Amino acid sequence: QVQLVESGGGLVQAGGSLGLSCAASGSIFSINTMGWYRQAPGKQRELGATITSGGTTNYADSVKGRFAISRDNAKNTVYLQMNSLKPEDTAVYYCNLRAHTASREYEYWGQGTQVTVSS
């Protein structure tokens with residue numbers, strides 16, 4: 001019932017910037033956590049950053065100080081501004097939404113968008 005659509009991936013040189021967007025549609029609980037996870041070839045999917053509907057953020061150490069996550073609750077959209085990009089940031093970036101009720105947990109994933117950082 002929830003669909004996440006990412007946009008903004010692409011190819012960028014090291015040191016450059018790129019912005020990602022993820023728009024959620026469907027039956028969405030107003031209290032939720034949205035975020036970005038990434039998966040490089042041959043590696044496990046890992047946390048990039050998350051943000052709650054209240055604005056609390058959480059960043060992986062590898063991106064702190066370089067990436068900034070934000071959201072627009074009215075638009076059900078989460079953003080990831082990536083600055084000072086490094087080749088190590090190359091990965092497929094997946095949008096994620098999680099929500100809880102008293103009895104259930106809900107989790108949804110986007111299809112991912114490729115980010116490639118060249119040297």
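This chain uses plain numbering: 1 for the first residue, then up along the sequence. Here the structure is a predicted model, which means the values were calculated and not measured.
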Discussion item. Return the CD1 to OG1 distance between I69 and T50, rounded to the nearest 0.5 Å.
Written reply: 6.0 Å
Fill in: Distance (rounded to the nearest 0.5 Å) between R45 CZ and N96 CG
8.5 Å
Worksheet entry | side chain to side chain contact (heavy atoms under 4.5 Å, CB included) evaluation trace for L85 with F67 | CA-CA 9 Å; L85 282 162; F67 292 8; 3.8 Å; yes
Response to the item:
So OH of Y93 and CG of L18: to nearest 0.5 Å the spacing works out to 9.0 Å
Discussion item. Minimum heavy-atom separation for L4 and A24, please, with both atom names.
Written reply: CD2-CB, 3.3 Å
Worksheet item: With a 4.5 Å heavy-atom cut-off, do L97 and I28 have their side chains touching?
Response: yes
Item to complete: Please find out if less than 6.0 Å separates the ring center of W109 from that of Y37.
Response: yes
Fill in: Contact check, side chains of N58 and I51, non-hydrogen atoms, under 4.5 Å
no
Fill in: Minimum side-chain heavy-atom gap Q81-S17 below 4.5 Å
yes
Discussion item. Please give me the minimum heavy-atom distance between A49 and L80, naming the atom from each residue.
Written reply: CB-CD1, 4.4 Å
Item to complete: With sequence neighbours left out, write down each residue that passes side chain to side chain contact (heavy atoms under 4.5 Å, CB included) with T116, or none if nothing qualifies.
Response: L11, T90, Q114
Discussion item. Side chains of W36 and V78, heavy atoms from C-beta outward: is any pair under 4.5 Å?
Written reply: yes
Worksheet item: Which heavy atom of A68 sits nearest a heavy atom of Y59, and at what distance?
Response: CA-OH, 3.4 Å
Practice prompt. Would you indicate whether the side-chain heavy atoms of L20 and V115 approach each other to under 4.5 Å?
Written response: yes
Worksheet item: Is the NZ or CZ atom of R98 positioned over Y108's six-membered ring, under 6.0 angstrom from the centre and within 45° of the axis?
Response: no
Worksheet entry | Atom pair CG/CE of N73 and M34 - distance to nearest 0.5 Å | 9.5 Å
Discussion item. For N32 and R71, which I'm curious about, is there any donor-acceptor pair between the side chains at under 3.5 Å?
Written reply: yes
Practice prompt. Measure up the Y106 and F29 rings against each other and bin them: parallel (under 30°), tilted (30 to 60°), perpendicular (over 60°).
Written response: tilted
Item to complete: Nearest 0.5 Å please: distance from the CD atom of Q3 over to the OG atom of S25.
Response: 5.0 Å
Worksheet entry | I31 CD1 to S53 OG distance, which is reported to the nearest 0.5 Å | 5.5 Å
Discussion item. Tell me if a side-chain donor or acceptor on E6 pairs with a main-chain N or O of G112 at a distance below 3.5 Å.
Written reply: yes
Worksheet item: Are any side-chain N or O atoms of Q39 and backbone N or O atoms of Q44, one a donor and one an acceptor, separated by less than 3.5 Å?
Response: no
Worksheet entry | Least distance between heavy atoms, Y94 atom then G110 atom | CD2-O, 3.6 Å
Discussion item. So which atom in A14 and which in S119 form the shortest heavy-atom distance, rounded to 0.1 Å?
Written reply: CB-CA, 4.4 Å
Fill in: Sidechain N-carboxylate O distance under 4.0 Å for K86, D89
no
Worksheet item: Can you find a pair of side-chain heavy atoms, one from R38 and one from S62, that are under 4.5 Å apart?
Response: yes
Discussion item. More than 12 heavy atoms of other residues, nucleotides or ligands under 6.0 Å from CD of Q13: yes or no?
Written reply: no
